[in-house]
Amino acid sequence: TEQIEQHSYDVVVIGAGGAGLRAAIEARLQGKRTAIISKSLFGKAHTVMAEGGCAASMGNANPNDNWQVHFRDTMRGGKFLNNWRMAELHAREAPDRVWELETYGALFDRTAEGKISQRNFGGHTYPRLAHVGDRTGLELIRTLQQKVVSLQQEDFAETGDYESRIRVFAECTITELFTTSEGPGERGAISGCFGYFRDDGRFVRFDAPSIVLATGGVGKSYSVTSNSWEYTGDGHALALRAGATLINMEFLQFHPTGMVWPPSVKGILVTESVRGDGGVLRNSDGERFMFSYVPDVFRDQYATSEEEGDRWYTDPDNNRRPPELLPRDEVARAINSEVKAGRGSPHGGVFLDVSTRLKAEEILKRLPSMHHQFKELADVDITAEPMEVGPTCHYVMGGVEVDPDSAMSSVPGLFAAGEVAGGMHGSNRLGGNSLSDLLVFGRRAGLHAAQHADRGRPAVTESDVQDAVERALLPFSTATDGGENPFMVQQELQKTMHELVGIIRKEDEMEMALKKLEDIATRTRTVSVEGHRTFNPGWHLALDLRNMLLVSLCVGKAALERQESRGGHTRDDYPVMDSDWRHQLLVCSALGEDDIELTRKDQIAMRADLFDLFEMDELKKYYTGEELGGHRTELA
Ligand code: FAD
């Protein structure tokens with residue numbers, strides 16, 4: 001048997017995007033020996049791709065902004081299904097986390113008076129997104145990495161070893177979490193994890209009492225997505241298999257504006273900043289169709305004429321915002337309807353035009369990446385002509401069910417932060433709320449993971465390590481039985497999810513999807529790869545497929561169960577939002593390798609002082625009379 005590389009840490013952070021880096025920095029600041037593991041190259045994560053900005057109610061662009069307004073916007077965006085405590089912590093702590101980044105060396109764009117500039121985004125009452133042009137994520141990652149390096153230099157000065165307290169393991173994919181075996185009435189606790197290095201395939205184990213999952217999203221289970229190759233839902237699946245639960249998995253965000261042409265780049269994101277900075281949506285008749293799609297719950301907050309919408313950009317206090325800036329779920333559905341009604345653009349999208357609204361030099365200054373992206377990839381000059389855009393699978397609201405304050409899952413020692421965690425965004429995330437989410441809860445996860453590490457070190461069960469090795473090698477041993485090519489199975493899975501559990505859902509289609517997933521499960525168990533463990537993308541995918549399948553089952557089952565339309569879950573057969581469903585969480589747990597159990601759970605009622613931040617007239621649109629009555633009694 002081969003020797004397995006072995007490391008021991010206090011805190012292991014899986015994922016090196018914003019959530020993972022912020023968690024690792026915090027754990028190290030608490031004096032813990034910390035490892036950061038990333039499947040991709042260090043520095044390559046979704047966080048780097050974030051364009052628009054980071055939402056925080058600093059009130060620089062409009063002094064009326066504060067955490068309460070941000071909290072309200074976030075709850076509205078999520079259609080009141082959010083975990084309100086997470087939404088509260090997020091709104092309260094986001095400004096401090098942005099300021100803190102500047103102490104790490106970040107430099108956000110400035111207002112004329114030298115304050116951090118803030119831009120408009122859908123669903124945010126005031127300009128709120130701190131940004132660096134349209135490359136905000138790059139600055140975020142750059143400064144978090146810089147902070148890691150500066151901590152390593154401090155450690156070197158003290159110990160003579162840069163990596164004595166914080167070490168990065170890049171291009172290393174984690175495939176298993178280890179837990180202690182449960183005694184009667186006892187929950188298994190985290191003891192470590194296992195994975196392989198992508199270049200030479202060598203195995204590695206990390207023994208640690210605290211693990212933070214910060215693995216990002218699941219978009220690669222869909223054929224049209226803004227997500228990149230590594231977003232196969234690994235953290236979601238690892239958590240399930242370790243005994244944790246996932247919530248809100250039926251809610252996926254289809255970003256309204258992805259590129260639709262040429263086919264090779266279909267799905268790549270077109271930032272919401274284009275609309276935030278004045279871009280308008282038109283159909284093939286030249287109509288600004290969003291005015292026809294303002295839902296009742298938002299009617300008072302959006303302009304009713306183009307003139308009013310246009311005036312809002314310069315006089316936001318006396319006009320209402322244009323409907324292009326409705327939350328993403330609304331805009332994505334509207335585009336979908338226009339295309340279906342035959343009013344789409346030549347390549348099956350709609351037109352997004354900023355060229356008639358801003359001078360070329362202004363576009364080049366505010367949206368340099370978008371200009372470059374369209375020129376290079378589609379030969380479109382966005383300073384002179386409209387873009388063609390359509391919905392793309394972008395973000396998963398669902399994720400690991402965590403304690404809002406500590407970010408710990410139901411498995412002792414297992415924490416989750418960033419996109420892999422569930423609850424914060426309810427049924428729909430507002431743009432810009434992810435970068436702030438991952439800073440706020442990344443820090444909290446790191447802090448509590450560090451504290452948890454003081455409670456002792458459960459030992460890894462040696463036979464679990466052997467099992468992990470065997471499972472990882474399985475795709476090689478099935479080769480002789482003529483198993484399937486993982487790339488083919490992946491394609492089938494993506495097509496199934498895209499076509500049958502996509503932006504608009506129907507009962508019979510989802511039932512068909514679940515049947516197909518059963519078949520895909522059988523095929524996944526027998527995928528086979530040839531060659532050896534030295535850089536073998538087929539093998540890597542074979543292992544990822546397990547996760548994609550489990551996550552897709554959660555999405556499919558939860559979507560079939562929820563008989564209403566809300567946020568990122570739209571049912572053709574149940575087209576309206578149903579107050580009886582508002583407080584219902586659908587909780588997924590794993591029963592076996594590819595079996596999911598779905599249970600219902602009541603949301604905890606909102607704390608009275610937060611509840612008081614809303615007008616009763618608005619709450620009536622979301623809550624049942626009975627719930628409101630209950631709250632009144634609570635207040636009295
Ligand atoms: P990520 O940044 O996705 O990082 C995940 C990390 O986990 C990576 O390092 C990956 O390699 C690692 N990993 C995954 N699986 C494993 C494994 N098995 N083993 C080891 N490592 C693993 N949000 C905003 O708020 N504002 C924006 O302007 C914005 N723009 C966006 C633009 C694009 C194109 C995209 C795709 C998203 C955008 N988002 C935006 C969303 C936001 O970027 C992401 O939700 C957020 O960055 C997720 O951060 P994270 O730290 O949770 O995970």
Side-chain angles (χ1 to χ4, degrees), residues 12-23 35-56 94 119 121 128-132 134-138 140-141 144 168-177 193-198 204 206 212-220 225-238 253 255 257-259 267-273 276 328 369 373 392-397 399 416-421 425 429-439 441-442 445 540 543-544 546-547:
V12 166
V13 178
I14 308 175
L21 290 177
R22 189 62 191 82
I36 305 171
I37 307 173
S38 101
K39 181 171 169 174
S40 39
L41 283 168
F42 191 50
K44 160 75 190 69
H46 266 154
T47 303
V48 129
M49 295 155 75
E51 295 158 356
C54 176
R119 68 159 39 117
F121 242 51
R128 191 176 281 148
L129 270 67
H131 58 96
V132 183
D134 57 0
R135 295 179 183 135
T136 311
L138 181 63
L140 215 116
I141 283 282
L144 290 170
V168 178
F169 296 84
E171 293 199 89
C172 174
T173 305
I174 296 302
T175 58
E176 305 293 338
L177 298 180
C193 61
F194 172 92
Y196 64 91
F197 286 94
R198 292 168 52 79
V204 57
F206 297 85
V212 178
L213 292 171
T215 49
V218 310
K220 268 295 156 197
T225 177
S226 65
N227 291 188
S228 59
W229 62 269
E230 63 268 45
Y231 299 103
T232 50
D234 295 3
H236 289 75
L238 287 168
Q253 182 168 84
H255 194 291
T257 60
M259 291 181 81
I268 289 187
L269 193 74
V270 179
T271 173
E272 187 168 324
S273 318
R328 290 178 175 168
S369 308
Q373 179 174 314
T392 178
C393 179
H394 183 56
Y395 184 89
V396 60
M397 269 68 74
E419 192 167 340
V420 69
H425 305 286
R429 173 181 72 93
L430 293 185
N433 267 1
S434 174
L435 293 187
S436 40
D437 164 7
L438 54 86
L439 292 172
F441 293 102
H540 303 167
L543 299 180
D544 292 346
R546 247 181 114 197
N547 303 332

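Read the numbers this way: they start at 1 and go in the same order the structure lists the ligands and their atoms. In this text the structure is predicted, and so the values were computed from the model without any measurement.
- Here atom 3 (O) of ligand 1 lies nearest to His46 when heavy atoms of His46, Lys44, Arg22 are compared.
- Using modelled atom types and a 3.5 Å distance limit, the side chains of His394 and Ser226 yield a donor-acceptor pair.
- In terms of modelled atom types and a separation under 3.5 Å, the side chain of Thr136 and the main chain of Glu51 share a donor-acceptor contact.
- Counting protein heavy atoms only, atom 41 (C) of ligand 1 is closest to Arg429 NH2, 3.7 Å.
- There is a side-chain donor-acceptor pair under 3.5 Å between Asp437 and His425.
- Not a single heavy atom of Gly431 sits under 4.0 Å from any atom of ligand 1.
- Thr232 OG1 to Asp544 CG: the interatomic distance, rounded to the nearest 0.5 Å, is 4.0 Å.
- Not a single heavy atom of Thr136 lies less than 4.0 angstrom from ligand 1.
- For His394, the heavy-atom gap to ligand 1 drops under 4.0 angstrom.
- Using modelled atom types, no side-chain atom of Thr225 and backbone atom of Lys220 make a donor-acceptor pair closer than 3.5 Å.
- Note that the OG atom of Ser434 and the CE atom of Met397 stand 11.0 Å from one another [nearest 0.5 Å].
- Note that the NE2 atom of His131 and the SG atom of Cys54 stand 11.5 Å from one another [nearest 0.5 Å].
- Among the atoms of Gly52, some N or O lies under 3.5 angstrom from an N or O of ligand 1.
- Protein heavy atom at the shortest distance from atom 19 (N) of ligand 1 is Ile174 N, 3.0 Å.
- A side-chain donor-acceptor contact under 3.5 Å links Gln373 to the backbone of Leu269.
- In this structure, Arg429 CZ and His255 NE2 are separated by 8.0 Å, a value rounded to the nearest 0.5 Å.
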Going through the distances and angles, do Arg546 and Glu176 end up as a salt bridge (charged side-chain N to carboxylate O under 4.0 Å, His left out)? CA-CA 11 Å; Arg546 247 181 114 197; Glu176 305 293 338; 3.1 Å; yes
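- When Thr47, Val396, Ile14 are checked for heavy-atom proximity to atom 49 (O) of ligand 1, Thr47 turns out nearest.
- Using a 4.0 Å cut-off between heavy atoms, Asn433 contacts ligand 1 through its backbone alone, with no side-chain atom that close.
- Of all protein heavy atoms, the one lying nearest to atom 51 (O) of ligand 1 is Ala19 N, 2.9 Å.
- In terms of polar-atom proximity, Ala16 is counted as a contact of ligand 1, with an N or O under 3.5 Å from an N or O of the ligand.
- Closest to atom 31 (C) of ligand 1, if we only count protein heavy atoms, is Ala50 CA, 3.4 Å.
- Under the 4.0 angstrom criterion for non-hydrogen atoms, Cys172 is in contact with ligand 1.
- Residue-to-ligand polar distances place Gly18 within reach of ligand 1: an N/O pair is separated by less than 3.5 Å.
- Atoms of ligand 1 lying under 4.0 Å from any heavy atom of Tyr395, numbered from 1 in the order shown and given with element: 45 (O).
- Residue Lys39 has at least one nitrogen or oxygen atom sitting less than 3.5 Å from a nitrogen or oxygen atom of ligand 1, judged on distance alone.
- Remark: Glu419 engages His46, Tyr395, Val396 in a side-chain contact (heavy atoms from CB on, under 4.5 Å) (not counting sequence neighbours).
- Regarding atom 18 (N) of ligand 1, its nearest protein heavy-atom neighbour is Asp234 OD2, 2.7 Å.
- Listed by number with element, the atoms of ligand 1 under 4.0 angstrom from any heavy atom of Gly418 are 52 (O).
- Ligand 1 has Tyr231 within reach: a non-hydrogen atom of the residue lies less than 4.0 Å from it.
- Within the structure, the closest approach of Val420 to ligand 1 does not fall below 4.0 Å when heavy atoms are considered.
- At a heavy-atom distance under 4.0 Å, only side-chain atoms of Leu269, from C-beta outward, approach ligand 1.
- Between the side chain of Arg119 and the backbone N or O of Gly52 there is at least one donor-acceptor pair closer than 3.5 Å.
- Among protein heavy atoms, atom 26 (N) of ligand 1 sits closest to Gly53 O, 3.0 Å.
- With values rounded to the nearest 0.5 angstrom, Phe197 atom CZ is found 15.0 Å from Lys39 atom NZ.
- The protein non-hydrogen atom at the shortest distance from atom 11 (O) of ligand 1 is Ser40 OG, 2.7 Å.
- Comparing Ser228, Gly15, Ala214 by heavy-atom distance to atom 5 (C) of ligand 1, the nearest is Ala214.
- An N or O contact shorter than 3.5 Å links Glu51 to ligand 1 by distance.
- Those atoms of ligand 1 that come under 4.0 Å of a heavy atom in Ser226, given as number and element, are 36 (C).
- We find the OG-CG distance between Ser436 and Leu129 to be 7.5 Å, quoted to the nearest 0.5 Å.
- Atom 25 (O) of ligand 1 has its closest protein heavy atom at Leu435 N, 2.9 Å.
- With Thr215 contributing its side chain and Gly235 its backbone, the two residues share a donor-acceptor pair below 3.5 Å.
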